[in-house]
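First comes the structure, then the notes that go with it.
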2 protein chains.
Amino acid sequence: MDVVNIFLTSELGEGLEDFVHDQRRFTFDRLGAEGPKRLVEGPMWAFVDWVMPDLAGLEMCRRLRADPRTAEAHVTMVLEEDDPEDRRRALRAGADDYVIGPLTRTAVLDRVLALQSRTSERQATRRLELGALTIDMAALQARWNEVPVVLRPNEFRLLRFLAENPNRVLTREDLIAGLGKREPPIDERTVDVWVGRLRRAIKAAGGGNPLRTVRSLGYVFDLT
Amino acid sequence: MDVVNIFLTSELGEGLEDFVHDQRRFTFDRLGAEGPKRLVEGPMWAFVDWVMPDLAGLEMCRRLRADPRTAEAHVTMVLEEDDPEDRRRALRAGADDYVIGPLTRTAVLDRVLALQSRTSERQATRRLELGALTIDMAALQARWNEVPVVLRPNEFRLLRFLAENPNRVLTREDLIAGLGKREPPIDERTVDVWVGRLRRAIKAAGGGNPLRTVRSLGYVFDLT
DNA sequence: CAGGTGTGTGACGCGTTTGTGACTGGATTT
DNA sequence: AAATCCAGTCACAAACGCGTCACACACCTG
């Protein structure tokens, strides 16, 4: 299910809790002066209160824009009343949008659903998630439960290819071809060594063994 | 309505007047040896003539870059003919771009519209914050925990480009293109030297090493 | 013109990666 | 049970890719 990450500042959305609507899970997270507590992937929405205890809402806007983790977030400013001058300043500080408070579940839904289609195009970052394992194609990095798996180039290619065809037996021939090795022709037994090395790397990161051997045929990436 | 501020040198664009196109107002302003007459906000384009009565166009480029008011402007050099040597020198002097003159309303439109999306992103983030590292686009300065990192121009451009695409493997080709180097074609191995120099500079400021090498592919700016 | 700075390049050396053959032990077949 | 097959693992050599250095050249400054 798609997850919509929503960041809130200070006491905004006091009564708001995670909820599910229309195939989407809305999760709420506190947003402090240091930015988001945890790093999330996918579309992000931030609702910034105009008045904050220790930091002006405008400054928070600028910080969100300056931080690459949240630079792509859709920032909505929550105003107490409809002051044209404040709206202008909010937009200039980097907000995409504004609502007149207080923030309610309905207000959040309206904003997010109205704009989701537009924003979802942005997140082109390719990424595979298979159980505890996530593979970030852009960063060329794999993680097992957030623990980085240190992989050599060939191992990464192998993992990627296996993960892209889960629950399907891939012969050694498939794997050699899938990694684009032709010259010189690779001995099929070499694949065994590749798999061994990959397994060891995942294990070193505290992971399990998602790679199952199918005797006399090849290997499978077992999903769940 | 969005305003696009365009600066012109000397007799360039003699017949050009303010006009409106596609929801944008284009305003033209003279650019003298002392820089722009008035201070403006928002995106700026400067068209610099190669030949000027009292000042060489190249020198004008450098001044624009040195002046914090115009350092972020998009500078287009206007050449009379397509001389590769002149192009090279124009780019080296700080120009982002060039056209073969004379300057017409159409040429201005084309340049500005083609590049606006890219540049407007840049304008939005005058400052990047990535963990201990902050990059000040306006001051052309980077700091690691408030300690200035002394960078040469090329190193700054490299750091900036890497930091603008964090957690993404950038090939040497990407980096060369990202720094806008085309003429003459740059040897890919030179990128290694750039990275080495950049790393050393960050280290000299007491910083860590946010630049990860991805063997046989390129480099990544690792966030967190 | 001399001195200084910034930058691209070729070359060298070292650590890493990787394909392979050999050995081992478990599984399968006869 | 013996014979056979097959996959896991190790050690090793060759190839590869990267970091670094010194140098040349262009440019700027005085």
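Chain letters run A, B, ... following the sequence lines, proteins first, then strands; residues in each count from 1.
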Task: Heavy-atom check, side chain of Pro210(B) versus side chain of Leu130(B), under 4.5 Å - done: no
- [ ] Decide yes or no, distance alone: a donor-acceptor N/O pair under 3.5 angstrom between the base of dG8(C) and the side-chain of Arg189(B).
- [x] no
Task: Residue-phosphate contact under 4.0 Å: Asn154(B) side-chain N/O, dG8(C) OP1/OP2 - done: yes
TODO: Using whole Å, report how far CZ of Phe156(B) lies from C1' of dT7(C).
DONE: 18 Å
- [ ] Starting from the 5' end of DNA chain C, give me the residue, Val193(A) or Leu151(A), whose nearest nucleotide shows up first.
- [x] Leu151(A)
Open item on the list: Is it the case that the base of dG19(D) and the side chain of Arg200(B) share a donor-acceptor contact (distance under 3.5 Å, atom types as modelled)?
Closed with: no
- [ ] Quick one: label Arg197(B) by what it contacts on the DNA or RNA (base, sugar-phosphate, nothing), any heavy atom closer than 4.0 Å.
- [x] base
Task: Length of the CD1-C1' vector between Ile186(A) and dG21(C), whole Å - done: 14 Å
- [ ] Mind calculating the distance between CG (Asp187(A)) and C1' (dC6(D)) to the nearest angstrom?
- [x] 14 Å
Open item on the list: Hydrogens and angles aside, do Asp192(A) and Tyr219(A) bring a side-chain donor and acceptor to less than 3.5 Å of each other?
Closed with: yes
Task: Gap between atoms CZ and C1', on Arg152(B) and dT7(C) respectively (whole Å) - done: 8 Å
TODO: Would you mind reading off the distance between Leu158(B) atom CG and dT7(C) atom P, rounded to a whole angstrom?
DONE: 11 Å
Task: From CA spacing to verdict: side chain to side chain contact (heavy atoms under 4.5 Å, CB included), Leu162(A), Leu175(A) - done: CA-CA 8 Å; Leu162(A) 281 160; Leu175(A) 293 169; 4.0 Å; yes
TODO: Have a look at Thr190(B) and say if it touches a base, only the backbone sugar-phosphate, or nothing, with a 4.0 Å heavy-atom cut-off.
DONE: base
Open item on the list: Please confirm whether the shortest side-chain N or O distance from Trp194(A) to OP1 or OP2 of dG19(C) is below 4.0 Å.
Closed with: yes
Task: Derivation and outcome, side chain to side chain contact (heavy atoms under 4.5 Å, CB included), residues Leu128(A) and Met137(A) - done: CA-CA 8 Å; Leu128(A) 275 179; Met137(A) 303 303 185; 3.5 Å; yes
Task: Whole-Å distance separating the CD atom of Glu188(A) from the P atom of dG21(C) - done: 13 Å
Open item on the list: Applying a 4.0 Å non-hydrogen cut-off, can you work out what Val195(A) is touching in the nucleic acid: base, sugar-phosphate, or nothing?
Closed with: nothing
Open item on the list: Does dG8(D) have its OP1 or OP2 closer than 4.0 Å to a side-chain nitrogen or oxygen of Tyr219(A)?
Closed with: yes
TODO: Let me know the distance between CZ of Arg212(A) and C1' of dG8(D), rounded to the nearest Å.
DONE: 17 Å
Task: Contact nearer the 5' end of DNA chain D, comparing Val214(A) with Arg172(B) - done: Val214(A)
Open item on the list: Looking at Arg215(B) and dC18(D), is any side-chain donor or acceptor paired with a base atom of the opposite kind under 3.5 Å?
Closed with: no
Task: With Leu170(A), the side-chain contact (heavy atoms from CB on, under 4.5 Å) member among Ile176(A), Val220(A), Asn165(A), Leu217(A) - done: Asn165(A)
Open item on the list: Rounded to whole Å, how long is the line connecting atom CG of Leu175(B) with atom C1' of dC18(D)?
Closed with: 15 Å
TODO: Side chain of Asp192(A) only, please: which of dG8(D), dT20(C), dG19(D) is the nearest?
DONE: dG8(D)
